[in-house]
Structures are given as C-alpha cells and as structure tokens.
Amino acid sequence: MEAKRSAKNRWGLANLHPHQAKRMTEWEKQGGLSLVLLHFAESQQSWVVFWRLMEERWNTWFENKMRGKRASAGTGSLSTKIIDEFGCPF
C-alpha cells in the first residue's frame, strides 16, 4: 500500500516512484492486494485505488517518460473525476 496526498484536485503520476510501482506489482504477482490511498487536500476527498486498476495507466505514463515523450493533456495526472471512475471514496 502507498499513501499519497495532493494539495489540489489532481494527482501527478510522477508522485508514485518506480520502486513503489514495482513493489506493488510484485506483491500482486504473489497473490497480494496492492492499493494506493489518495487524499486531495483542496476538496478534502480521499480514495482507495486498487493498483491493478491504475497500473496500466501508470505504466503507460512511465514508459513514455522513459522514452522522453511528454505526457499528452490529462495523461500525466489523475483528476478526482477520473479517480471516481475506478477508486472507492472513503
């Protein structure tokens, strides 16, 4: 599990480091459940996001970053609206 916070209502994928993503992926491969707790200070909203639901999005962003490609609009971060589609508020 990783716990992350954002001052605004968007959370940058760069805030999840490669070693953290790798650890969650490995944990899932061993039958574990990995998740990210996200808190947005501006709206005082929090979500539980299962890693398996955001892993592909993070991997795509990271692979493009490693190739030197700039993220297209809306793909380098997650808004509360996007997170609401696959996260569970708490």
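Just so it is clear, the values below take in all heavy atoms, side chains as well, and ignore hydrogens, waters and symmetry mates.
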Trp27 reachable from Met1 in the ILVMFWY side-chain graph, under 4.5 Å edges
no
Under 3.5 Å, is there a donor-acceptor pair linking the side chains of Thr75 and Trp61?
no
Verify, without hydrogens or angle tests, whether Trp58 (side chain) and Leu16 (backbone) share a donor-acceptor contact under 3.5 angstrom.
yes
Report yes or no: does Ser6 contribute a side-chain atom to a donor-acceptor pair with the main-chain N or O of Asn9 at less than 3.5 Å?
no
Atom of Ser77, atom of Gly12 and distance for their closest heavy-atom approach
CB-CA, 3.8 Å
For the CG atom of Asn59 and the CG atom of Leu13, what is their distance to the nearest 0.5 Å?
10.5 Å
Is Gln44 atom CD crowded by more than 12 heavy atoms from other residues, nucleotides or ligands, each under 6.0 Å away?
yes
Atom pair CE/CD1 of Met54 and Ile83 - distance to nearest 0.5 Å:
7.0 Å
Any non-hydrogen side-chain atom of Leu35 less than 4.5 Å from a side-chain atom of Glu2?
no
Taking all atoms of both residues into account, what is the closest heavy-atom pair of His17 and Lys4, and its distance?
CD2-NZ, 4.5 Å
Verify, without hydrogens or angle tests, whether Ser34 (side chain) and Met24 (backbone) share a donor-acceptor contact under 3.5 angstrom.
yes
Review item, side-chain donor-acceptor pairs of residues 63-71, under 3.5 Å, at least two apart:
from  : atom 1 : to    : atom 2 : distance (Å)
Asn64 : ND2    : Thr60 : O      : 3.3

For Arg57 and Leu78, run side chain to side chain contact (heavy atoms under 4.5 Å, CB included): C-alpha distance rounded to whole Å, both residues' side-chain angles, the deciding distance at 0.1 Å, then the answer.
CA-CA 10 Å; Arg57 183 183 294 260; Leu78 303 176; 3.1 Å; yes
Find out whether Arg10 and Glu42 are in side-chain contact, i.e. whether some heavy atom of one side chain is under 4.5 Å from a heavy atom of the other.
no
Closest contact, heavy atoms only, Val49 versus Gly87
CG2-CA, 4.1 Å
Holding to salt bridge (charged side-chain N to carboxylate O under 4.0 Å, His left out), I want the full list of residues that pass it with Glu28, two or more places apart in sequence or in another chain.
none
Minimum heavy-atom separation for Thr25 and Trp51, please, with both atom names.
OG1-NE1, 3.0 Å
Heavy-atom side-chain proximity of Val36 to Trp47 below 4.5 angstrom
no
Report the C-alpha distance between Lys8 and Phe40 in whole Å, list the side-chain angles of each, state the deciding distance to 0.1 Å, and finish with yes or no for side chain to side chain contact (heavy atoms under 4.5 Å, CB included).
CA-CA 6 Å; Lys8 299 290 183 181; Phe40 294 88; over 6 Å; no
Taking the basic N atoms (NZ, or NE/NH1/NH2) and the acidic carboxylate oxygens, is any pair closer than 4.0 Å for Arg23 and Glu26?
no
